[in-house]
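All remarks here apply to the structure that follows.
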Amino acid sequence: MKLLLISILILSIYNISTAYASENTLWPMYKHDPQHTGQSSFKGTDEAILEWKFSTEGVIQGSPMIGSDGTVYISSHDSNLYAINPDGTEKWHFSADKWIDSTPAIAPDGTIYFGSWDKRIYAIDSSGNYKWSAQTPDQISSSPTIGPDGTIYIGADDGFVYAIYPDGTLKWSFRTDERIFSTPALAPNGTVYVGSFDNNLYAINPDGTEKWRFKTDGFIFSSPGIASDGTIYFGSYDNNLYAVYPDGTLKWSFTTRGTVQGSPSIAMDRTVYVGSFDNNLYAINPDGT
């Protein structure tokens, strides 16, 4: 099969938020923090200056994470997780048995977590050495979110959300009725929010029991984002961006002309940014306009 060469384009990688980052990370997990705000505390560059590019032998589905020393971590469909030096050269790579869609997450102690299509959740150290893996019944496309106590939250194609202790043992699992691509978001009070292909957004208590569910008319591929006032934002295949109160009731919905598969980002002024399959990027006020 013809190998697909995909390049990562890194533009001024040091302009990265440290608002949530631990002393070991600059951008530690998907959308930066457990609430998935996607906020950066730095102004981005005004010019697109290519610093370097790094080619893998497969599609890159996930997002890059950045450690405090500038090391960039990225996964690929060539079944490898790569650590890339700040100058764009390879530092090391770790091989799983199948594709890696999952965006890696970096814990304060430097441990890197990610899931793979080989049905495992991996933990490796900052040098690329294997620490442990946890087996699941189906492939993993979701990305891990790390809580303040070190608990790792991740979804899987078996329809379960898993909460895993840092030593790799299971804390709890929560079942939905379909696969989970969405990455769990964690509120400050410990509530876990995640979307499922069963069309529901779930709120899960810290002990792994269901708090509530919110039904849409389409798959929820999108990963939720949590604003500072507790509002949960997420997209659906029914073409809507939803804003839901922490009690599970609808605040508002904003209709686009295409699937909202992407995950919203929330600015400091609470403006919500999200893309749609109608080819538009939307900036939406906190009141839904």
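Positions are given from 1, in the same order as the sequence printed here. All of these numbers come straight from a predicted model, not from anything done at the bench.
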If you group Ile, Leu, Val, Met, Phe, Trp and Tyr by side-chain heavy-atom gaps below 4.5 Å, do Val161 and Trp212 land in one group? no

To the nearest 0.5 angstrom, please state how far the OG atom of Ser76 sits from the CZ atom of Phe54. 9.0 Å

So, for Leu201 and Gly195, which heavy atoms are closest and what is the spacing to 0.1 Å? CD1-N, 4.0 Å

Residue pairs fulfilling salt bridge (Lys or Arg N to Asp or Glu O under 4.0 Å) with at least one residue in residues 177-193, sequence neighbours excluded: Asp157-Arg179

Interatomic distance, OG1@Thr216 vs CG@Leu250, rounded to 0.5 Å, equals 11.5 Å

Are side-chain heavy atoms of Thr111 and Ile106 found at a separation under 4.5 Å? no

For residues Ile124 and Trp92, determine if any side-chain heavy atom of one lies less than 4.5 Å from a side-chain heavy atom of the other. yes

Residues Ser265 and Gly38: closest non-hydrogen pair is OG-CA, 4.1 Å

Should Trp172 and Tyr193 be counted in the same cluster of Ile, Leu, Val, Met, Phe, Trp and Tyr side chains packed under 4.5 Å apart? no

Phe114: what forms a ring-ring contact (aromatic ring centres under 6.0 Å, His included) with it, not counting sequence neighbours? Tyr122

Using the test salt bridge (charged side-chain N to carboxylate O under 4.0 Å, His left out), find all partners of Glu210 that sit at least two apart in sequence or belong to another chain. Arg213

In terms of hydrophobic clusters joined by side-chain contacts under 4.5 Å, are Tyr130 and Ile100 together? yes

Min side-chain heavy-atom separation Ile204-Thr209 under 4.5 Å: no

Distance col, row His77:NE2 vs Gln61:CD, nearest 0.5 angstrom, shows 5.0 Å

Within the distance-only criterion (no hydrogens, no angle test), does the side chain of Thr71 pair as donor or acceptor with the backbone N or O of Ala83 below 3.5 angstrom? no

Residues Val192 and Pro184: closest non-hydrogen pair is CG1-CB, 3.8 Å

Can you check whether Phe221's main-chain N or O pairs, donor with acceptor, with Ser182's side chain at less than 3.5 Å? no

Strictly by modelled atom types, are Asn240 and Thr255 linked by a side-chain donor-acceptor pair under 3.5 Å? yes

Group every Ile, Leu, Val, Met, Phe, Trp and Tyr by side-chain heavy-atom contacts under 4.5 Å, then state whether Val194 and Val274 land in the same group. no

Between CH2 of Trp132 and CD1 of Ile164, what distance do you get to the nearest 0.5 Å? 5.0 Å

Are the aromatic ring centres of Tyr233 and Trp252 under 6.0 angstrom apart? yes

ring-ring contact (aromatic ring centres under 6.0 Å, His included) partners of Tyr242, counting only residues at least two apart: Phe214, Phe234

Value for CD1 (Ile60) from CG (Asp101), rounded to nearest 0.5 Å, stands at 11.5 Å

Side-chain donor/acceptor of Ser222 to backbone N/O of Gly235, under 3.5 Å: yes

Do the side chains of Thr183 and His36 get nearer than 4.5 Å, heavy atoms only? yes

N/O donor-acceptor pair under 3.5 Å between Ser116 side chain and Ala96 backbone: no

Just checking, is any N or O donor in the side chain of Asn200 or Ser196 under 3.5 Å from an acceptor N or O on the other one? no

Quick note, ring pair (Phe, Tyr, Trp, His ring centres under 6.0 Å) partners involving residues 270-289, not counting sequence neighbours, are Phe254-Tyr282

Heavy-atom closest pair, residues Ser63 and Pro104: O-CD, 4.0 Å

Listed once per pair and sorted, the salt bridge (Lys or Arg N to Asp or Glu O under 4.0 Å) pairs that draw on residues 237-256, sequence neighbours left out: Asp229-Lys251

Inter-residue atom distance Thr136.OG1 - Ile154.CD1, 0.5 Å rounding: 8.5 Å

Remaining members of Trp99's ILVMFWY cluster at a side-chain heavy-atom cut-off under 4.5 Å? Trp117

Listed by chain and number, what are the salt bridge (charged side-chain N to carboxylate O under 4.0 Å, His left out) partners of Asp46, not counting sequence neighbours? Lys43

Closest non-hydrogen atom pair between Pro224 and Ala185, with its separation: O-CB, 3.5 Å

Suppose we screen for side-chain contact (heavy atoms from CB on, under 4.5 Å). Which residues come up paired with Thr37, at least two apart in sequence or across chains? Asp33, Gln35, Gln39

Evaluate the side chain to side chain contact (heavy atoms under 4.5 Å, CB included) criterion for residues Met29 and Thr103: first the C-alpha distance (whole Å), next the side-chain angles of each, then the deciding distance (0.1 Å), finally the verdict. CA-CA 7 Å; Met29 67 187 80; Thr103 294; over 6 Å; no

Main chain of Gly159, side chain of Thr176: is a donor-acceptor contact present, judged purely on distance under 3.5 Å? yes

Are the side chains of Leu81 and Ile112 in contact, using a 4.5 Å heavy-atom criterion? yes

Can you pull the salt bridge (Lys or Arg N to Asp or Glu O under 4.0 Å) pairs that have at least one residue in residues 77-92, sequence neighbours excluded? Asp69-Lys91

Ignoring hydrogens and angles, state whether a donor on the side chain of Lys31 or Ser263 is under 3.5 Å from an acceptor on the partner side chain. no

Single-linkage hydrophobic cluster Phe174~Tyr162, side-chain heavy atoms < 4.5 angstrom: no

Give me the atom names and distance for the closest heavy-atom approach of Ser102 to Pro144. OG-CD, 3.4 Å

Under 3.5 Å: donor-acceptor pair, side chain of Ser236, backbone of Ile220: no

Output yes when a side-chain donor or acceptor of Thr56 lies under 3.5 Å from a complementary backbone atom of Gly58, and no otherwise. yes

Residues which pass side-chain contact (heavy atoms from CB on, under 4.5 Å) with Ser95, listed by chain and number, not counting sequence neighbours: Asn80, His93

Here the salt bridge (Lys or Arg N to Asp or Glu O under 4.0 Å) pairs for residues 119-138, sequence neighbours left out, are Asp97-Arg120, Asp118-Arg120

Treating Thr259 as the side-chain partner and Asn239 as the backbone partner, does any N or O pair qualify as donor plus acceptor under 3.5 Å? no

